[in-house]
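Data first, discussion second: the structure below is written as structure tokens.
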Amino acid sequence: MRAFTAAELAQEIQGRVVGDPSRLITGVATIEAAGESDLILATTPRHVQRAERSAASCILVPPGIAAAQKTLIQVENPRLALSKILSLYYPPSPAEPGVHPSAVLGREVRLGREVSIGPYAVIGSGVQVGEKVVIRPGCVVGDGCVIGPETILHPNVTLYPNMRLGARVVIHSGAVIGADGFGYVWDGHRHVKIPQVGTVLIEDDVEIGANTCIDRATLGSTVIRRGVRIDNLVQVAHNVSIGQHAVLVAQVGIAGSSEIGAGCLLGGQAGIADHVVIGDRAVVGAQSGVFSGKHVKAGEVVVGYPARPVRKTKEQLAALAQLPKLIDEVAALKKEIGRIRAEVSQDA
Amino acid sequence: MRAFTAAELAQEIQGRVVGDPSRLITGVATIEAAGESDLILATTPRHVQRAERSAASCILVPPGIAAAQKTLIQVENPRLALSKILSLYYPPSPAEPGVHPSAVLGREVRLGREVSIGPYAVIGSGVQVGEKVVIRPGCVVGDGCVIGPETILHPNVTLYPNMRLGARVVIHSGAVIGADGFGYVWDGHRHVKIPQVGTVLIEDDVEIGANTCIDRATLGSTVIRRGVRIDNLVQVAHNVSIGQHAVLVAQVGIAGSSEIGAGCLLGGQAGIADHVVIGDRAVVGAQSGVFSGKHVKAGEVVVGYPARPVRKTKEQLAALAQLPKLIDEVAALKKEIGRIRAEVSQDA
Amino acid sequence: MRAFTAAELAQEIQGRVVGDPSRLITGVATIEAAGESDLILATTPRHVQRAERSAASCILVPPGIAAAQKTLIQVENPRLALSKILSLYYPPSPAEPGVHPSAVLGREVRLGREVSIGPYAVIGSGVQVGEKVVIRPGCVVGDGCVIGPETILHPNVTLYPNMRLGARVVIHSGAVIGADGFGYVWDGHRHVKIPQVGTVLIEDDVEIGANTCIDRATLGSTVIRRGVRIDNLVQVAHNVSIGQHAVLVAQVGIAGSSEIGAGCLLGGQAGIADHVVIGDRAVVGAQSGVFSGKHVKAGEVVVGYPARPVRKTKEQLAALAQLPKLIDEVAALKKEIGRIRAEVSQDA
């Protein structure tokens with residue numbers, strides 16, 4: 001078991017101990033599950049109250065928090081600090097380097113140093129695998145793919161031929177990169193397939209969730225820029241581009257040729273139709289729908305169906321809640337006006 | 001071919017034959033496809049009318065149904081009875097016990113009696129496999145997983161390391177259990193990954209659909225309680241808990257740390273944001289959206305975006321349908337009021 | 001590198017060259033990426049303007065378009081023509097025929113001529129594989145499946161037992177055909193599974209996207225008719241039928257027993273509840289929801305939640321946008337009526 005003192009942890013994250021710096025901490029836990037030697041995180045006053053009543057003896061908190069009985073580690077960004085501390089206690093188990101004898105390698109595969117290729121992985125011809133790449137069991141890498149250093153493919157990932165992945169990319173199980181874009185022309189009798197001859201370009205430091213699909217471009221590339229985070233079960237269609245550090249939550253769907261700006265956040269199940277342009281740092285709410293060809297301005301927050309600026313949608317939803325009453329009111333007004341009309345006409 | 005008499009079937013399901021008890025029945029079919037020796041199910045008067053005109057000679061019905069020309073088997077819960085009868089005619093084909101020579105087993109794997117492990121399955125080190133477990137081809141089971149007795153993994157399922165599955169769990173193809181939760185902290189330059197060091201706990205008698213994803217917890221466990229039924233392409237995020245016997249229809253998405261009560265029903269494509277609490281036996285309608293942090297009371301039925309009690313949403317949708325007319329009415333009232341105002345002011 | 005003259009391309013697609021027929025063209029590109037020897041497509045006046053400023057020397061256009069400096073190929077349906085031209089420049093790379101020695105074949109498998117079965121594919125007993133079928137690595141084909149000629153299974157596809165696929169079907173990676181339908185009966189204590197003993201019938205010339213799930217029928221067949229196009233991450237439940245040449249965009253979900261007519265278009269993320277009937281050539285908008293048991297007429301275009309004729313939904317959404325103002329107006333009218341009432345009553 002790993003153990004660090006509160007002082008050691010504080011040093012690691014450039015934090016400050018309030019309480020007993022020699023307190024020994026053997027792990028990180030949730031407030032509910034914590035034992036005496038666990039560190040727990042508390043970021044809000046309510047969290048801190050609950051943390052005070054927990055079994056844990058040490059709490060990671062933002063500056064300015066006090067506690068009666070617990071040792072505190074105060075730090076500017078406690079969640080960021082937690083991520084560093086978790087890496088100390090639970091370092092990723094390194095993949096065993098080497099190519100499993102059952103892996104099938106095509107012709108002219110180039111393997112970097114210290115690659116790890118698991119059982120039953122199938123690597124096509126002409127594939128280039130960078131150093132320290134990990135390809136777990138059951139992955140299929142199509143001919144001509146290029147995989148940058150330290151990239152990890154979890155089990156049962158499929159890369160179609162000619163995909164290009166940067167360094168330190170992580171792709172979770174079941175993800176499919178490079179299936180044909182969904183493009184057809186109706187010839188009067190049937191949907192004729194438009195050959196999808198483009199590729200997918202995934203830059204460095206991208207993470208892609210389980211069972212997510214990123215289609216190859218018709219021509220050119222579907223592009224996922226550096227630092228993008230994509231959750232599970234997301235659909236990215238052909239010729240889409242996703243800007244740097246954008247975040248796509250689970251089950252988002254993006255139709256063909258849409259452009260998502262840098263730093264955007266797309267909430268879960270949001271749908272982006274085709275040929276949409278979403279400006280940098282814009283936010284699309286969960287389940288919202290951005291209609292075909294629309295532009296969302298940089299920094300804007302849009303929600304709803306159709307997606308509109310959040311203030312407008314909230315105003316409309318609030319108004320909708322009043323609508324049944326409004327209908328009754330209008331009916332009453334109508335009657336009253338009828339009565340007034342009768343009286344006024346009588347007077348005339 | 002298997003064959004049972006109407007009397008034998010009735011006995012099996014504690015039903016009552018009306019008509020010919022010696023009628024020989026060789027299978028179960030839909031009304032459209034039924035041949036003379038098939039049994040068909042009819043639960044509503046309309047079904048029964050159609051069933052009367054079908055080729056089938058025997059109909060499974062609720063009590064109190066009469067029929068002119070067919071033999072009936074009356075039973076309290078005909079759909080439940082059907083499920084028993086289907087098991088008689090189409091018993092599940094048992095997996096061949098034994099470990100296929102191509103399966104790769106890590107160090108210190110413990111296998112129960114009569115396990116069946118298919119070709120190209122990869123079982124990590126320290127895995128415990130209960131008796132009569134079936135692991136079909138192409139499955140990847142990470143190090144340290146524990147799989148309870150009689151559990152079935154269909155082809156190409158992935159379990160990340162350290163997952164815990166109970167007894168009689170069924171996981172369909174392509175499902176991914178234990179991929180990293182989607183947790184990051186922005187450090188000013190990039191999304192820093194919060195190590196996801198928790199696990200997934202799946203209790204007994206759970207069924208999980210094809211290509212469904214259940215993420216591991218950040219800390220602690222994502223929990224799927226006993227008897228839960230999850231359909232295909234569902235997303236269950238980190239630290240979610242799903243109560244006993246809850247039902248999640250296809251393409252549902254549940255964001256981090258939400259709690260779904262026992263016996264809940266989430267309709268297809270419903271979205272549950274993070275930190276939501278859904279009380280026991282509550283129902284969330286298809287495509288509905290429960291917003292972040294909301295509580296849905298036990299037994300409540302909510303629908304719409306945002307999800308509200310079904311009565312309210314229906315009232316609002318009905319009101320919305322009247323809105324275009326209302327706008328015209330208000331315009332007309334405005335004019336009429338203008339005219340009255342003019343007359344009244346003139347009079348004054 | 002392949003190269004054709006403008007005249008050769010024009011002949012291939014029955015188009016007409018305006019400009020230099022001997023112009024040598026070595027590939028097809030997007031407007032942005034085109035080099036001098038590339039052909040580009042331009043279908044609208046705006047496209048043509050941009051194409052004129054591109055590096056490409058030859059543009060594929062509809063009839064009646066003129067250009068100052070570029071060679072044009074005019075053709076009635078330029079997108080259809082493009083699909084033919086793409087096939088010339090980028091012919092599909094043929095799979096190597098033969099059965100990889102690592103593929104596992106069950107008993108009594110019948111293989112047609114020139115089949116290609118990749119590494120680690122697992123083919124169950126009694127499977128029939130038509131001629132020129134391609135089964136890529138990691139696919140699992142259950143016992144008793146029938147696969148028509150020239151069908152392609154991309155890597156890591158799973159077919160459950162007894163599926164029937166026609167000719168020239170293409171199934172993309174991770175798709176799961178024939179998992180159990182989601183059918184249970186509550187017996188007072190637990191959800192009892194209704195055995196799903198039906199199958200899936202996929203007719204000729206169907207294409208199915210990555211990670212899409214098509215469930216087997218309870219009884220009978222889930223049916224996908226000839227020429228249907230299904231995108232990624234789509235859910236098709238048990239006993240659904242999809243008519244000829246229908247198109248299902250990504251993340252669509254269709255619940256049990258619904259019938260989709262021939263030539264229908266279901267937009268991305270649309271949800272079709274159970275027992276719905278959608279008439280031929282009807283269109284359901286993206287993210288729209290068709291409620292349980294509804295009928296959509298042939299040729300109708302429905303959108304929204306609930307899905308209604310597009311004109312109605314647009315009218316309602318427009319009205320909703322005016323609602324906050326309307327509420328203020330009604331309040332003002334109410335006051336004005338109150339004042340008039342006071343004056344009129346005073347007069348009386």
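Taking A:Val197, A:Ile194, A:Thr218, A:Asp187 one by one and counting their heavy-atom pairs under 4.5 Å with chain C, the maximum is reached by A:Val197. Of the residues considered (A:Ala332, A:Gly289, A:Ala255), A:Gly289 shows the highest number of contacts with chain C, using heavy-atom pairs under 4.5 Å. For the set C:Pro324, C:Pro119, C:Gly268, the count of heavy-atom pairs under 4.5 angstrom toward chain A peaks at C:Pro324. Among C:Gly263, C:Gly267, C:Gly304, C:Gly285, the residue making the largest number of heavy-atom pairs under 4.5 Å with chain A is C:Gly304. No other option in C:Leu320, C:Leu326, C:Val330, C:Thr30 has as many heavy-atom pairs under 4.5 Å with chain A as C:Leu320. Put simply, of A:Gly181, A:Ala273, A:Cys213, the one with the most heavy-atom pairs under 4.5 Å next to chain C is A:Cys213. Comparing A:Thr212, A:Val252, A:Val192 by heavy-atom pairs within less than 4.5 Å of chain C, the highest count is held by A:Val252. The candidate from A:Phe182, A:Tyr184, A:Tyr120, A:Trp186 with the greatest count of non-hydrogen atom pairs under 4.5 Å with chain C is A:Phe182. Here C:Arg229 is the residue among C:Arg79, C:Arg229, C:Gln287, C:Gln269 with the most heavy-atom pairs under 4.5 Å with chain A. Across C:Leu333, C:Val249, C:Val247, the residue that shares the most heavy-atom pairs under 4.5 angstrom with chain A is C:Val247. Among C:His100, C:Gln322, C:Gln244, C:His245, the residue making the largest number of heavy-atom pairs under 4.5 Å with chain A is C:His245.
Heavy atoms closer than 4.5 Å to chain A are found nowhere in C:Ala33, neither backbone nor side chain. Neither the backbone nor the side chain of A:Gln196 comes within contact range of chain C; no heavy atom of the residue lies under 4.5 Å from a heavy atom of that chain. Neither the backbone nor the side chain of A:Lys312 comes within less than 4.5 Å of any heavy atom of chain C. Residue contact with chain C, scored on non-hydrogen atoms closer than 4.5 Å, is absent for A:Val141. When heavy atoms are compared at a cutoff of 4.5 Å, A:Ile340 approaches chain C by way of both its backbone and its side chain. For C:Val170, no part lies near chain A; criterion is any non-hydrogen pair under 4.5 Å. With a 4.5 Å cut-off on non-hydrogen atoms, C:Ala321 touches chain A through its backbone and its side chain both. Of the two parts of A:Ser288, only the backbone, made up of N, CA, C and O, holds a non-hydrogen atom closer than 4.5 Å to a non-hydrogen atom of chain C. Residue contact with chain A, scored on non-hydrogen atoms closer than 4.5 Å, involves the side chain of C:Glu207 exclusively. With a 4.5 Å cut-off on non-hydrogen atoms, A:Ser102 touches chain C through its backbone and its side chain both. For A:Asp180, the parts lying under 4.5 angstrom from a heavy atom of chain C are both the backbone and the side chain.
Using a 4.5 Å cut-off between non-hydrogen atoms, the part of residues 86-95 of chain C that approaches chain A consists of C:Leu86, C:Ser87, C:Tyr90. Of all residues spanning residues 230-242 of chain A, those with a heavy atom less than 4.5 Å away from chain C's heavy atoms are A:Leu233, A:Val234, A:Gln235, arranged by number.
The neighbour count for C:Glu32 CD, taken as heavy atoms of other residues, nucleotides or ligands under 6.0 Å away, is above 12.
Remark: C:Arg168 pairs with C:Asp205 by the side chain to side chain donor-acceptor pair (under 3.5 Å) rule, at least two apart or across chains.
Atoms CG and CD1, from A:Leu219 and C:Ile31 in turn, are 11.0 Å apart once rounded to the nearest 0.5 Å.
Within the structure, side chain to side chain donor-acceptor pair (under 3.5 Å) contacts touching residues 326-340 of chain A (residues at least two apart or in different chains) are A:Glu336-A:Arg339, A:Glu336-C:Arg341.
Of all non-hydrogen atoms in A:His191 and C:Gly227, the two that sit nearest each other are CD2-O, 3.9 Å. Across all their heavy atoms, A:Val176 and C:Ser173 have their closest contact at CG2-O, 3.6 Å.
Side chain of C:Gln251 to main chain of A:Gln251: a donor-acceptor pair is present (N/O by atom type, distance under 3.5 Å, no hydrogens or angles).
Put simply, the residue from A:Val157, A:Asn156, A:Leu159, A:Val140 that forms a side chain to side chain contact (heavy atoms under 4.5 Å, CB included) with C:Pro155 is A:Val140.
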